[in-house]
Amino acid sequence: MIESQSPYCFTRIRAVYSQLSIKEKTVAKYILDHPDKIIHSTISQIAEDLNVADATVFRLCKRLGFKGYQAMKIALASEMTSPMNDIHETISLDDDEGTIAEKIFKANIRTLEDTLQIIDGKQFKKAVEALTKARKVDFYGSGGSGAIAMDANHKFMRSGLLTSCYTDAHLQIMSASQLTNQDVVVCISHSGASKDILDSVDVAKASGATIIGITHFAKTPLTAKADISLLTVSEETEFRSEALASRLAQLSIIDALFVNVSVKLQDKLKPSLRKMRAAISLKRI
């Protein structure tokens with residue numbers, strides 16, 4: 001995990017590439033393909049070579065989280081001094097079963113590594129503190145993200161905190177209306193643009209709850225509304241959507257939050273675990 005001002009220019013480009021305009025994609029691809037030329041060129045030279053406006057290059061730099069072109073060049077130069085191993089490979093129709101499996105595993109590893117690079121340490125710490133102090137924690141998710149929300153609730157039940165999980169839009173909004181300023185809502189949405197989730201966030205915020213958003217690395221409606229944002233990075237391929245890949249990163253963020261909260265709530269966690277293990281033992285022969 002790193003601070004928000006760290007470099008990792010390549011990771012940031014891959015994270016937002018699908019959401020860029022056509023001209024911004026032209027600049028982004030040039031940066032990925034010719035990083036050495038970028039660090040030795042001015043913004044005007046790059047704009048002229050690509051037949052785009054200086055403002056397009058500058059706008060891309062801002063979208064990547066840099067103050068400007070010069071800041072991006074510095075980050076790029078720093079990243080190029082470290083050996084890079086791009087293990088992202090496109091699946092081909094000619095690949096056999098073993099090759100496809102290997103590429104999927106490597107892509108999953110890449111997703112986790114890239115997500116670790118862009119997690120904001122300060123935001124993560126705030127999330128741990130909010131969860132630790134919460135009276136009640138709600139987990140919201142729809143579709144594929146609903147499965148992540150259920151997994152999160154399954155884990156956090158062990159912490160001794162009062163937790164709930166809602167994957168139904170009506171139940172989400174009903175629960176949100178009953179929250180207080182002592183409560184936390186963890187909203188999981190890869191797109192960050194699910195209307196059902198955003199409606200529930202609005203109601204939860206009006207109730208005074210703290211909102212933690214787990215979403216894709218980009219400016220989304222959820223990051224705009226959330227008090228704390230934890231971001232994931234994943235790449236889309238022809239046979240595998242980025243939403244599918246991102247679930248591994250979401251699960252890992254949940255795991256990291258749970259272990260941190262468990263360490264801080266040891267006195268509450270231990271008796272809770274004893275009671276739960278005793279209850280679960282009744283289900284075994």
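Predicted model only: the values in this text are computed from it and were never measured.
The distance from the CG atom of D95 to the NZ atom of K103 is 3.5 Å, given to the nearest 0.5 Å. To the nearest 0.5 Å, atom CD1 of residue I46 and atom CD1 of residue I31 are 8.0 Å apart. Considering OG of S272 and CG of L161, their distance stands at 8.5 Å, rounded to 0.5 Å. Residue R135 holds its CZ atom at 4.5 Å from OG1 of T180, rounded to the nearest 0.5 Å. We find the CG-CG distance between L112 and L251 to be 9.5 Å, quoted to the nearest 0.5 Å. Distance check: Q172 CD to S142 OG gives 4.5 Å after rounding to the nearest 0.5 Å.
For the 3.5 Å distance criterion, the side chains of T111 and N108 fail to qualify, holding no donor opposite an acceptor. Judged by distance alone, the side chains of S175 and D138 do bring a donor and an acceptor atom under 3.5 Å apart.
Partner of L230 under the side chain to side chain contact (heavy atoms under 4.5 Å, CB included) criterion, out of I254, I118, T115, L257: L257 alone.
A donor-acceptor contact shorter than 3.5 Å is absent between the side chain of S207 and the backbone of A209. Remark: side-chain polar atoms of S189 are not paired, donor with acceptor, to backbone N or O of T215 under 3.5 angstrom. Distance alone, capped at 3.5 Å, is enough to place a donor-acceptor pair between the N260 side chain and the A256 backbone. Between the R158 side chain and the H154 main chain, a donor and an acceptor come within less than 3.5 Å of each other. Side chain of K23 to main chain of T56: no donor-acceptor pair is present (N/O by atom type, distance under 3.5 Å, no hydrogens or angles). A donor-acceptor distance shorter than 3.5 angstrom exists from the side chain of Y140 to the backbone of A176, with no hydrogens or angles considered. Checking side-chain atoms of E24 against main-chain N and O of L60 turns up no donor-acceptor pair under 3.5 Å. Between the side chain of Q45 and the backbone N or O of T42 there is at least one donor-acceptor pair closer than 3.5 Å. Of the possible donor and acceptor atoms, none in the side chain of S159 sits under 3.5 Å from a partner among the backbone N and O of K155.
Across every non-hydrogen atom of Q250 and I148, the tightest pair is OE1-CG1, 3.3 Å. Summarising the geometry of I188 relative to S145, their closest heavy-atom pair is O-CB, 3.2 Å, with the distance given to 0.1 Å. The two atoms that bring K126 and D227 nearest to each other are NZ-O, 4.1 Å, heavy atoms only. Nearest heavy-atom pair, A47 versus D54, reported as atom, atom and distance to 0.1 Å: CB-OD1, 3.2 Å.
Shown here are the side chain to side chain contact (heavy atoms under 4.5 Å, CB included) partners of Q178, two or more places apart in sequence or in another chain: there are none.
Counting only heavy atoms from C-beta outward, the side chains of I38 and M72 approach each other to under 4.5 Å.
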